[in-house]
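Protein chains get the first letters and strands the later ones, always in sequence-line order, with residue 1 at the start of each.
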Amino acid sequence: MNFYKKVYFITKKIPRGKVATYGQIASLIYSPRAARAVGFALRALPSNTSCPWQRVINSRGQLSIVNPKFTAKLQASLLRKEGIKVKKEEDTYIVDLKKYLFDFKNVKPPK
DNA sequence: AAGGTGACTAACA
DNA sequence: ATGTTAGCCACCT
């Protein structure tokens, strides 16, 4: 399984109403320092993907997405639709990680 | 083959 | 608390 597929595999495990960070996902696929690459992988998703890309945010709880296909605004609306409170800040959106961060402890990593 | 670029982070100042 | 820095890794020239 290549890197991208692993990222998507893990991302699909995030339940509705929860979020995960790039770093968390990187750790689960045995590359604890590949957070940037995770973002790179998600960026490559097609606009009609079934992968819940909106549930992946950065370690500070911000929607750091910068992608013409998937804007932070769209991401915020999708998350709210799932029941997550997204706070609008100056030029970014913020999610309370303490409340919504998903715990992967029972998730098996991909092969 | 080698250098540049991010949807990142943890560690410092 | 806030801003900067230097690693990092997969991709793309």
Practice task
Rounded to the nearest angstrom, tell me the gap between atom OH in A/Tyr4 and atom C1' in B/dA7.
Solution key: 12 Å
Problem - OP1 or OP2 of B/dC8 under 4.0 Å from side-chain N/O of A/Ser64 - result: yes
Exercise for the section: To the nearest Å, give me how far apart CD1 (A/Ile14) and C1' (B/dA7) are. Expected result: 13 Å
Problem - Integer-rounded Å distance: B/dC8 P and A/Gln62 CD - result: 10 Å
Practice task
Name the nucleic acid region contacted by A/Tyr22, choosing base, sugar-phosphate or nothing; use a 4.0 angstrom heavy-atom cut-off, strictly under.
Solution key: base
Problem - Contact nearer the 5' end of DNA chain C, comparing A/Phe40 with A/Arg36 - result: A/Arg36
Completion exercise
With the side chain defined as heavy atoms from C-beta on, A/Phe70 is closest, among B/dA7, B/dT9, C/dA10, to B/dA7
Handout entry: Whether over 12 other heavy atoms sit under 6.0 Å from A/Arg80 CZ
Key = yes
Fill in the blank from the handout: When rounded to whole Å, the CZ to C1' distance for the pair A/Arg60 and C/dA1 reads 13 Å
Practice task
Compute whether any side-chain donor of one residue and acceptor of the other, for A/Gln54 and A/Glu82, lie under 3.5 angstrom apart.
Solution key: yes
Completion exercise
Of B/dA7, B/dT9, C/dC9, the nucleotide closest to the side chain of A/Arg33 is C/dC9
Problem - Length of the CZ-C1' vector between A/Arg43 and C/dC11, whole Å - result: 8 Å
Problem - N or O in side chain of A/Ser59 less than 4.0 angstrom from B/dT9 OP1/OP2 - result: yes
Handout entry: Within 6.0 Å of NZ in A/Lys69, more than 12 heavy atoms from elsewhere
Key = yes
Exercise for the section: Measure the distance from CD1 on A/Ile94 to C1' on B/dA7 and round it to the nearest whole Å. Expected result: 15 Å
Practice task
Taking atom NZ of A/Lys88 as the centre, report whether more than 12 heavy atoms of other residues, nucleotides or ligands fall under 6.0 Å from it.
Solution key: yes
Practice task
When you get a sec, tell me which of B/dA7, B/dC8, C/dA10 is the closest nucleotide to the side chain of A/Trp53?
Solution key: B/dA7
Problem - A/Phe3 CZ to B/dA7 P, straight-line distance once rounded to whole Å - result: 14 Å
Practice task
Please work out if A/Asn58 contacts a base, only the sugar-phosphate, or nothing of the nucleic acid, heavy-atom cut-off 4.0 Å.
Solution key: sugar-phosphate
Handout entry: Axial cation check for A/Tyr100 ring with A/Lys18, 6.0 Å and 45° limits
Key = no
Exercise for the section: Write down the distance between CD1 (A/Ile29) and C1' (B/dC8), rounded to a whole number of angstrom. Expected result: 13 Å
